[in-house]
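Following: one structure in structure tokens, then a few remarks.
All of these numbers come straight from a predicted model, not from anything done at the bench. So that the names make sense, note that chain A is the first sequence line, chain B the second, and so on, each numbered from 1.
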There are 2 protein chains.
Amino acid sequence: MSSDSTSFSESSRRAFGQIIHLSMRNFWHFTREQGLSMAQIIALRQLYHQGEAGGCSVSHIGERLGVTNAAVSQSLDKLVHQGLVERKENPHDRRSKQISLTLEGEKMLKKSMRVQRSWIDELSTKLSVEEQAQIESAFRLLSQKINEME
Amino acid sequence: MSSDSTSFSESSRRAFGQIIHLSMRNFWHFTREQGLSMAQIIALRQLYHQGEAGGCSVSHIGERLGVTNAAVSQSLDKLVHQGLVERKENPHDRRSKQISLTLEGEKMLKKSMRVQRSWIDELSTKLSVEEQAQIESAFRLLSQKINEME
DNA sequence: TTGAATAATTAAGCAGGCTTATATATTAAG
DNA sequence: CTTAATATATAAGCCTGCTTAATTATTCAA
């Protein structure tokens, strides 16, 4: 059970909020530029981050986004049409579909992430080598712990 | 000009992507629960983060969101009705309005940020004291640099 | 073998968010 | 003092994204 002594300090929380805020602002603009909805791009990122070789099902995407399967299906129509995802039949269960990113979709996702972190890439040029190492180290630790959580 | 030697490594970038990804997923659900649109809540966060005592103008909000002033005005109607923001006349220019968060709005924003970072709060319970200090230190450094950028 | 359950799709309708056009009030410039 | 520019608000219309309901195909359970 988490107690105050094991949680981050208020200043760290504020810093975290700033990080998210800056990233989301960039992300918001990118999403609008791409003519995608938030639900769509969040779905794409789910596909990207979980990286399942077998793709993801329509109902799984719906669960993650909190929308109906009908909404997912309609959204996927647009993404397939744009060449960002593909729908395949699930060989183990022909009722089900396997949704995965295309190479084009991966490229777009990677671009969205570059845009999203552009502010911190710029900020990194203003850091000393030690400061940069410190931040790198903390990020690696976080990533390791995130991977352990999943 | 940034060269490769001053940018973060690929693993740090990946970690950063994971951080944003986890936070956005929580945020997305919170936003839908609150019955707000993404544009609205991003606008609210702008108001919160810049913390201007004099509030923010309609056209400034529109610039930041990339939408027309008409859209901002209509969006604000709903937020005012929900008690999350207030519109005041700008005493220095009666054409202009000063938009600011209400206490209620601040509370909601703070809650959204708690939700957003809930995953890292949970993760922090799995860190040693040294690991936690390391991450805190990196966050503080980032925050300091962000503040210097702005 | 039959009926129930599941996965996905499609159509219709609704609600919300945006834009454009117009109007009003105010400030700035000449 | 007059005209131009600016800031905001409102109305109308369009588009998008969602839900519900119905349907089809497939798998599961009895």
Review item, nucleotides 5-8 of chain C N/O atoms under 3.5 Å of protein N/O:
residue	atom	partner	partner atom	Å
C:dT6	O4'	A:Arg95	NH1	3.3
C:dT6	O2	A:Arg95	NH1	3.3
C:dA8	OP1	A:Val58	N	3.2
C:dA8	OP1	A:Ser96	OG	3.2
C:dA8	OP1	A:Lys97	N	3.0
C:dA8	OP2	A:Ser59	N	2.8
C:dA8	OP2	A:Ser59	OG	2.9

Whole-Å gap separating [atom2] ([N]) and [atom1] ([X]):
X: B:Met38; N: C:dG17; atom1: CE; atom2: P; value: 13 Å
X: B:Asn90; N: C:dA28; atom1: CG; atom2: P; value: 11 Å
X: B:His92; N: D:dT6; atom1: NE2; atom2: C1'; value: 18 Å

When you measure from the side-chain N and O atoms of B:Arg94 to the phosphate of D:dA7, is any distance below 4.0 Å, counting only OP1 and OP2? no
Strictly by modelled atom types, are [X] and [Y] linked by a side-chain donor-acceptor pair under 3.5 Å?
X: B:Glu86; Y: B:Thr102; answer: no
X: A:Gln116; Y: A:Ser23; answer: no
X: A:Ser137; Y: B:Gln134; answer: yes
X: B:Ser59; Y: B:Asn69; answer: no

May I ask you to decide if A:Asp93's main-chain N or O and A:Ser96's side chain share a donor-acceptor pair within less than 3.5 Å? no
Checking the side chain of B:Arg87 only, and the main-chain atoms of B:Ser73 only, is there a donor and an acceptor separated by less than 3.5 Å? yes
When you compare the protein's N or O atoms with those of nucleotides 11-18 of chain D, which come within less than 3.5 Å of each other, and at what distance?
residue	atom	partner	partner atom	Å
D:dA11	N6	B:Gln74	NE2	3.0

A:Arg45 to A:Phe27, cation-pi by 6.0 Å centre distance and 45° axis angle: yes
Touch class at under 4.0 angstrom, heavy-atom based, for B:Asp77 against every strand present: sugar-phosphate
Checking A:Arg114 now: which residues fulfil side chain to side chain donor-acceptor pair (under 3.5 Å) with it, not counting sequence neighbours? none
